[in-house]
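What follows is one structure encoded as structure tokens, with my remarks underneath.
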Amino acid sequence: MTTSTVETASPGPFTLIPGKTALIVIDMQRDFILPGGFGESLGNDVDMLLKVVPPLADLIAAARAAGMLVIHTREGHVPDLSDCPPAKLNRGAPSKRIGDPGRYGRILIRGEYGHDIIDELAPAAGEVVIDKPGKGAFYATELQQILTDAGITQLLVTGVTTEVCVHTTTREANDRGYECLVVSDCVGSYFPEFQRVGLEMICAQGGIFGWVADSAAVIPAIAALPVSSEPAPTAQR
Ligand code: TIU
């Protein structure tokens, strides 16, 4: 089997295994990325997340070209909020709460415009989209079954935010035995300090949660993989 290695990953080289690696793109939704959405209602500067979009678009394109499984996630809730615990709904003092009307429809509600993924990173036909009520992509979703069915053992982790949904998902994946490489310029935080420390925490202690490398290192490694001939899993949308 022809593998490909990201030599400059921290804490050490990360070898991509063709057919066993998936790209997961976490919560690149209008509600987090665009002004007027949930992220901004929490008091955050959403400009911090926009810079993730160009390198992530390039990474997704490389993964698609290699025939790699690409999985998108969306954080949100059903319209009656029955899947949103009061502890999440009532936390903090946002200017708008989950379910309130916002610039892009009801905030973080499935089916609303703001809940969907930004146009620049729209899922391609047939790509998996996981709707998740929590911060982690494994909690109360079909993700683990999809990965098992596809024979995936490694995840390239991207999306927002680094210290919240990216971290929670990486930790969940690590506990389930997946090897995770977090792509540093393809994850974003509203807080520069959290971005820096969040990435350090992933690969500290010999890679306690996984590996970290930037897209300039990961994209050529993906391009060097043989193109997978496996059929893409059925769309979940
Ligand atoms: N997707 C995700 O990270 N959800 C959040 O609520 N992130 C925050 O940083 N608030």
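Read the numbers this way: they start at 1 and go in the same order the structure lists the ligands and their atoms.
- Residue-level proximity to ligand 1 for D27 is carried by the side chain, the only part with a heavy atom below 4.0 angstrom.
- Under a 3.5 Å cut-off, the side chain of T168 and the backbone N or O of K135 do not form any donor-acceptor pair.
- Close contacts between ligand 1 and L42 involve ligand atoms 10 (N) [criterion: under 4.0 Å to a heavy atom].
- Considering both main-chain and side-chain atoms, V164 never comes within under 3.5 Å of ligand 1 through any nitrogen or oxygen pair.
- With respect to I202, the side chain to side chain contact (heavy atoms under 4.5 Å, CB included) criterion is satisfied by exactly one of V187, N174, V182, L181: V182.
- For the pair E75 and ligand 1, the shortest N or O to N or O distance falls below 3.5 Å.
- The atoms of ligand 1 that sit less than 4.0 Å from any heavy atom of K135 are 4 (N), 5 (C), 6 (O).
- Paired with L49 under the rule side chain to side chain contact (heavy atoms under 4.5 Å, CB included), one option of D27, V160, L34 passes, and it is V160.
- Taking the six-membered ring for Trp and thresholds of 30 and 60 degrees, F209 and H167 have ring planes more than 60 degrees apart, a perpendicular arrangement.
- Taking distance alone, with nitrogen or oxygen atoms compared against 3.5 Å, T161 approaches ligand 1 more closely than that limit.
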Given the rule in the side-chain contact (heavy atoms from CB on, under 4.5 Å) test, do Y178 and L147 qualify, once you have shown the distances and angles that lead to the verdict? CA-CA 10 Å; Y178 296 96; L147 297 177; 3.5 Å; yes
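- Set against the non-hydrogen atoms of V160, the atoms of ligand 1 under 4.0 Å away are 1 (N), 2 (C), 3 (O).
- By the 6.0 Å contact criterion, CZ on R91 is open, its count of non-hydrogen atoms from other residues, nucleotides or ligands being 12 or less.
- Taking distance alone, with nitrogen or oxygen atoms compared against 3.5 Å, C165 approaches ligand 1 more closely than that limit.
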